[in-house]
Amino acid sequence: MPELPDVEGFREVLVSCAQGRVIRHVEVRDAGVLHGVSARRLREALEGRRFTGAERHGKWLLARTGGPTVALHFGMTGLLVCAGPDEEAAPHDRVLFTVGTGRQLRYRDQRKLQGLWLAEDETAVERLLARQGPDALAVDRERFEAALCARRGTIKTVLTDQSVVAGLGNLLADEILWRARVRPAAHANELTEDDRRRLYTQMRRTLRSAVPTGRVPPRDSWLTGHRDTPSPHCPRCGEPLRRSRLGGRTTVWCAQCQ
DNA sequence: CAGCTTGTTAGGTT
DNA sequence: TAACCTAACAAGCT
């Protein structure tokens, strides 16, 4: 689930729920989501501080406190919710931050594929993000196109490689390729200049319209609205959609349009 | 029980 | 080096 638009939504949850508020209590209900930090150290580092700001890079979310920074990654099933402190925790609420008076920010994750890190200083933040390419919403056309030229793998794999451009996942990559009319199995370094142009333009357009929704919206006019239907057809030309496997992920595309 | 899932990464091979 | 594949991680669902 969580790709760039989802994580941007979680950033907004963090801001509206917790920004500027004092962290009164940190409750780790499942330490299995903590990486490189104990529940005890997390509490000790955060309780009494404030959440001062929230930044997103790709699929990473950084919660600033003026001291250590909490880095969150949501894997496939993670999310951030704001609740009242008396609301019963959901079964997969793993870490609860009670902030200000009467609010609780909750890291919820069914599968625990990623989780929370505590970066003690800016160097530690940089280490966590060291392998991330430029954010998909911030990268300029020139850098994006140059990155594609430098890669020989299939364009689908390249788009979802976080070290090339950060924030695109399986659904977004398929959606962008379909809109740009590029075959997912095409090799990145064999694309025409025009292909690269369209990919950049459609990446921007797709992200801009997905971000306010907080996810890749399964609209009828989008490819994403059809990938889970029993016998999906292309919403643009009506051809049956193809389903194949690239880079170990299910890839949905239209042989007619792409 | 087998197979599937929107993410990442280590390890092995090409 | 780069690219590619698989397994592994965890916890569901069909």
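Heavy-atom basis, side chains included; hydrogens, waters and symmetry copies ignored. We name chains A, B, ... by the order of the sequence lines, and we start the count at 1 in each one.
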**Message:** Would you say His187(A) places a side-chain N or O within less than 4.0 Å of OP1 or OP2 belonging to dA3(C)?
**Reply:** no
**Message:** Taking 4.0 Å as the cut-off, does a side-chain nitrogen or oxygen of His73(A) come that near to OP1 or OP2 on dT8(B)?
**Reply:** yes
**Request:** Report yes if a side-chain nitrogen or oxygen of Gln162(A) is closer than 4.0 Å to either non-bridging phosphate oxygen (OP1 or OP2) of dG7(B); otherwise report no.
**Result:** no
**Message:** Judged by each residue's nearest nucleotide on DNA chain B, which is more toward the 5′ side, Phe74(A) or Arg131(A)?
**Reply:** Phe74(A)
**Rounded distance in Å - CG (Asp30(A)) to C1' (dG12(C))** = 15 Å
**Sugar-phosphate, base or nothing in reach of Gly248(A), heavy atoms under 4.0 Å** = nothing
**Message:** At less than 4.0 Å, is any side-chain N or O atom of Arg249(A) found next to OP1 or OP2 of dC5(C)? Yes or no.
**Reply:** no
**Message:** Return the pairing partner of dC4(B) with a 3.5 Å limit on both distances, Watson-Crick or G-U wobble; otherwise return none.
**Reply:** dG12(C)
**Leu128(A) CG to dG7(B) C1', straight-line distance once rounded to whole Å** = 16 Å
**Request:** Answer yes or no: is the gap between the SG atoms of Cys82(A) and Cys17(A) smaller than 2.5 Å?
**Result:** yes
**Distance test, side-chain N/O of Lys59(A) to OP1/OP2 of dG7(B), below 4.0 Å** = yes
**Request:** Please determine if a side-chain N or O atom of Arg245(A) lies less than 4.0 Å away from the OP1 or OP2 oxygen of dG3(B).
**Result:** no
**Gap between atoms CG and P, on Asp161(A) and dA10(B) respectively (whole Å)** = 13 Å
**Asked** Salt-bridged, Asp30(A) to Lys112(A), with N to O below 4.0 Å?
**Response** yes
**Asked** What is the distance from CD of Gln114(A) to C1' of dC9(C), rounded to the nearest Å?
**Response** 9 Å
**Message:** Can you check the distance between dT6(C) and dG3(B), where both ends of the measurement are the P atom (answer in whole Å)?
**Reply:** 14 Å
**Request:** Find out whether Leu177(A) and Lys156(A) are in side-chain contact, i.e. whether some heavy atom of one side chain is under 4.5 Å from a heavy atom of the other.
**Result:** yes
**Request:** May I ask you to decide whether Arg49(A) forms a salt bridge with Glu47(A), counting only side-chain N to carboxylate O separations under 4.0 Å?
**Result:** no
**Prompt:** Salt-bridged, Arg56(A) to Glu12(A), with N to O below 4.0 Å?
**Reply:** no
